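Input: a single structure, listed below in structure tokens.
Heavy atoms only: backbone and side chains are in, while hydrogens, waters and symmetry mates are out. All figures in this text were calculated on a predicted structure; none of them were measured in a lab.
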Amino acid sequence: MNVADPELERLVCQELTDAGFAVAPSRKPSDGGLSVWCDPERGVVVRWSVPSGDPSRHDTIRTAVRLALRTILGAAGFEVAEVSGRAELVVTAAGRPPREDGAKPGLTTP
């Protein structure tokens, strides 16, 4: 898959939806939240934004959400990079194929 592949975007959205996130179809939802879109030059961009107001009040939450997003996508096998100075992650490669036992990639079973 190349970085502009809509299938990669679909896979990322599905993984985040399965993890309990509500994924917005726009680049910047007006009420804050998670948005995912395909950028032909960079890959699939994942951004979490705060509702209107003073974004500096939400730095701790933004850091926690970014860590959660990176952990979820990394555990699923996606190649994820953080964008310095921006509240974005960029996914450039698909996750691992499903495991034969049906469990999510990156997770262990008892």
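Residues Arg70 and Val80 share a closest heavy-atom pair of NH2-O, 3.4 Å. Looking at every heavy atom in both residues, Arg62 comes nearest to Trp48 through CA-CZ3, 3.6 Å. Heavy atoms only, all atoms of each residue included: Leu8 and Phe78 are closest at CD1-CE2, 3.9 Å. Across all their heavy atoms, Leu34 and Leu16 have their closest contact at CD2-CD1, 3.9 Å.
Judged as a side-chain contact (heavy atoms from CB on, under 4.5 Å), and not counting sequence neighbours, Ala68 has no contacts. By the salt bridge (Lys or Arg N to Asp or Glu O under 4.0 Å) test, Glu88 is found to be paired with Arg42, Arg47, Arg86, residues two or more places apart in sequence or in another chain being considered.
In this structure, CG on Leu69 lies 11.5 Å from CD on Glu15, to the nearest 0.5 angstrom. Atom SG of Cys38 and atom CZ of Arg10 lie 13.0 Å apart (nearest 0.5 Å). Thr63 OG1 to Leu67 CG: the interatomic distance, rounded to the nearest 0.5 Å, is 9.0 Å. Taking CZ from Arg66 and CD1 from Ile61, the interatomic distance works out to 13.0 Å, rounded to the nearest 0.5 Å.
Using a 4.5 Å heavy-atom threshold, the side chains of Leu89 and Val45 count as separate.
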**OP:** Please step through side chain to side chain contact (heavy atoms under 4.5 Å, CB included) for the pair Leu73 and Val12, ending with a clear verdict.
**Re:** CA-CA 7 Å; Leu73 294 170; Val12 168; 4.1 Å; yes

